[in-house]
Structures are given as structure tokens and as C-alpha cells.
Amino acid sequence: MKKVGRNDACPCGSGKKYKHCCLPLDNASGIIRLLPDPEVVEASRANGERMLTSLLENAPWGTPQYRETAQDLLNRMKDSYETSVIEKALQLWLMYSTREMPQIRKAGVMQAAIEYSIATLYGMPEVTQSHLAEKYEVSPGTISQRAQKILEAAQDAGFAVREAADPSANGEPDQLSVERAMRDLTKQLESNKFETIQEAQAYFQQLLYGKNGGSQEKE
């Protein structure tokens, strides 16, 4: 079996590259990590792609523009992140767009802010605002402003990338509630129990917050 390369995904599951995560500690400890069986890796990759496709096709994006933003975000992130990180980024965008219903004037600002926010939640200091500003052709300042709002919404909603957060005292859903709501919603969508996207979005809001609709926010 081959050794894990510096630019491979870290085996710990952090979503970071090996060189930016466990490699220094492994070198200091004399640990050599091996890559998993290629067939297992391919099966995992295929399953991850199916999961992302299902999320794009079945989630209640609210508007075609929100879904297009999710698709473009996936395309821009797929060469730099593990599938699990991209899935969380799409879930973060779904949560934020459902909750705040933002008006999008420039999709690149929102996509850069989502990528920066998810990198922040995963603890990836190598993903900087200046790097993303160049990647998405927007200014670092606009990324900072939007990312702050997204991270505040994530905190309010109990959105986490690893362990479930404790339920908040103000009745906002924790991460486990979000995941249960997504599973329940997926089952409902697969059963074709919604006639319109508005019905699906309202149902998703009800699962999470016990109410319909969010607050209209302008970018």
C-alpha cells in the first residue's frame, strides 16, 4: 500500500490536507500512515458524489438562483476539498438561504463567504479571504461582511461540522435537529409529497424552527 502523500486528505477526517494537519505530529512521532484500498476509496468517492447530487436535486432551495449558487459553489470547491466538507458547505448554504432568504446581487460574494465560513468552522487557516477574493473575483471586505453574517446564523442555528452542539436556550435547533430535519425532508421529497418548492421549504422551516419563512435580507 502507498503512504499518505503531503497533499492527500488527512486520514483523521478533518477535511484538511495531510501537510496542514497531522503530518508534523506524525513525523515527530515516527508514524507512517498508509492510504486505504483504492477500491474502498473509489466506492467512497462515488457514494459522496451521489450524496451531493441528491442534496442539489432534492433540497428545498427556495429559488432557482439559490440552487444555481449551490451548484457553482460545488464546482468551485470540488478540486480543493473532501466530499464531506463540500456537503457541509452546501448544507450551510441551505440553512442560511432558508433562514435569511438573502438577495443575491453577485453570486461570487456569497459563494466565497460560504467557502470561507466552512473553512473557518473546520479550522483551515490556509483558506484566507485574500485567496478567496482572487478566486471569486470579489473584494476581501465583502467576503468578511457576508461571512460574519453566515457564521452568526450558523451559531444561532446550532450548525456544526463535527460534534452536535448543545440545544440553545432560545429554542433554535441543534445540529442533530438539523440532520434529522434533512433526513425527514429527503424522505418526504423522495415520496413526492410536495407539489411545489414553496411547500417543501415551508416544511423544512417547520421542522427546524416550528414556524414558516425567514427574514428577508439584502446583500
Side-chain angles (χ1 to χ4, degrees), residues 14-16 20 52 55-56 59-162 165 168 170 172-175 177-179 181-182 197-198 200-201 204-205 208-209 211-219:
S14 66
K16 303 178 184 179
H20 293 308
L52 293 177
L55 182 57
L56 280 172
W61 293 108
T63 71
Q65 189 180 27
Y66 289 169
R67 186 187 183 282
E68 290 170 4
T69 299
Q71 179 68 70
D72 290 343
L73 179 64
L74 185 158
N75 292 337
R76 286 175 176 265
M77 292 183 66
K78 65 182 181 180
D79 293 331
S80 304
Y81 299 89
E82 289 292 290
T83 300
S84 60
V85 178
I86 300 174
E87 180 191 13
K88 284 294 184 180
L90 296 182
Q91 289 178 354
L92 178 61
W93 171 230
L94 176 62
M95 179 279 296
Y96 183 69
S97 62
T98 301
R99 181 186 175 93
E100 304 296 337
M101 294 184 293
Q103 294 182 3
I104 302 177
R105 294 189 178 91
K106 189 171 183 179
V109 172
M110 197 67 71
Q111 293 160 2
I114 289 291
E115 182 172 339
Y116 181 75
S117 297
I118 207 68
T120 299
L121 291 172
Y122 270 98
M124 300 177 176
E126 68 275 14
V127 180
T128 64
Q129 292 178 8
S130 58
H131 165 72
L132 294 177
E134 182 178 352
K135 176 180 178 179
Y136 288 93
E137 299 182 342
V138 297
S139 71
T142 56
I143 296 176
S144 178
Q145 293 172 8
R146 178 58 60 178
Q148 181 178 355
K149 294 179 180 179
I150 293 171
L151 290 170
E152 287 174 354
Q155 183 177 11
D156 290 343
F159 187 92
V161 295
R162 294 190 183 92
S168 59
N170 62 2
E172 292 289 351
D174 60 13
Q175 177 66 5
S177 298
V178 173
E179 292 177 354
M182 285 296 298
I197 190 64
Q198 288 77 16
Q201 187 177 28
F204 185 59
Q205 284 278 2
L208 289 180
Y209 311 112
K211 61 185 179 181
N212 293 326
S215 58
Q216 183 74 25
E217 178 190 348
K218 295 182 179 180
E219 182 177 321

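Computed from heavy atoms alone, side chains included, the values below leave out hydrogens, waters and symmetry copies. Keep in mind the model is a prediction, meaning the values are calculated, not measured. Index from 1, following the sequence.
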- Assess whether salt bridge (charged side-chain N to carboxylate O under 4.0 Å, His left out) is satisfied between Lys149 and Glu100, documenting all intermediate values. CA-CA 10 Å; Lys149 294 179 180 179; Glu100 304 296 337; over 6 Å; no
- Query: Taking it one step at a time, do Glu87 and Leu90 satisfy side-chain contact (heavy atoms from CB on, under 4.5 Å)?
  - Reply: CA-CA 5 Å; Glu87 180 191 13; Leu90 296 182; 5.9 Å; no
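Atom CD of Glu126 sits in a crowded spot, with more than 12 heavy atoms from other residues, nucleotides or ligands closer than 6.0 Å. Other residues, nucleotides and ligands contribute more than 12 heavy atoms inside 6.0 Å of the CD atom of Glu152.
Under the 4.5 Å side-chain criterion, counting only non-hydrogen atoms from C-beta, Met77 is not in contact with Ile114. You'll find the side chain of Leu52 stays beyond 4.5 Å of the side chain of Lys78, heavy atoms only. When side chains are defined from C-beta on, Leu121 does not count as touching Lys88, because their heavy atoms never get closer than 4.5 Å. Two residues are said to be in side-chain contact when any heavy atoms from C-beta on lie closer than 4.5 Å; Tyr116 and Ser144 fail this criterion. With contacts defined as side-chain heavy-atom distances shorter than 4.5 Å, the pair Lys106/Tyr136 does not qualify.
Of all non-hydrogen atoms in Thr98 and Pro60, the two that sit nearest each other are OG1-O, 4.2 Å. Listed here is the closest heavy atom pair of Tyr96 and Ala153: CD1-CB, 3.7 Å. Annotation for Gly108 and Val138: closest pair C-CG1, 4.0 Å, computed over non-hydrogen atoms. Residue Ser130 comes nearest to Pro140 through the heavy atom pair CA-CG, 4.4 Å, listed as atom of the first residue, atom of the second, then distance. The nearest pair of heavy atoms linking Ile143 to Gln129 is CD1-O, 3.7 Å. When all heavy atoms of Ser117 and Leu92 are compared, the pair lying nearest together is CB-CD2, 3.9 Å.
In terms of modelled atom types and a separation under 3.5 Å, the side chain of Trp93 and the main chain of Gln111 share no donor-acceptor contact. Between the side chain of Arg76 and the backbone N or O of Glu115 there is no donor-acceptor pair closer than 3.5 Å. Formation of a donor-acceptor pair under 3.5 Å by the Trp61 side chain with backbone atoms of Glu68 is not found in this model. Here the side chain of Ser97 pairs a donor or acceptor atom with the backbone of Leu94 at under 3.5 angstrom.
Rounded to the nearest 0.5 Å, atoms CD (Gln65) and CG (Asp72) are 10.5 Å apart. With rounding to the nearest 0.5 angstrom, the CD1 atom of Ile86 is 9.0 Å from the OH atom of Tyr81. Note that the CD atom of Gln71 and the OG1 atom of Thr69 stand 10.5 Å from one another [nearest 0.5 Å]. To the nearest 0.5 Å, the span separating OG on Ser80 from NZ on Lys135 amounts to 4.5 Å. One finds the CD atom of Gln103 at 10.0 Å from the CE atom of Met101 (value rounded to the nearest 0.5 Å). Rounding to the nearest 0.5 Å gives a distance of 12.5 Å between CZ of Phe159 and CZ of Arg99.
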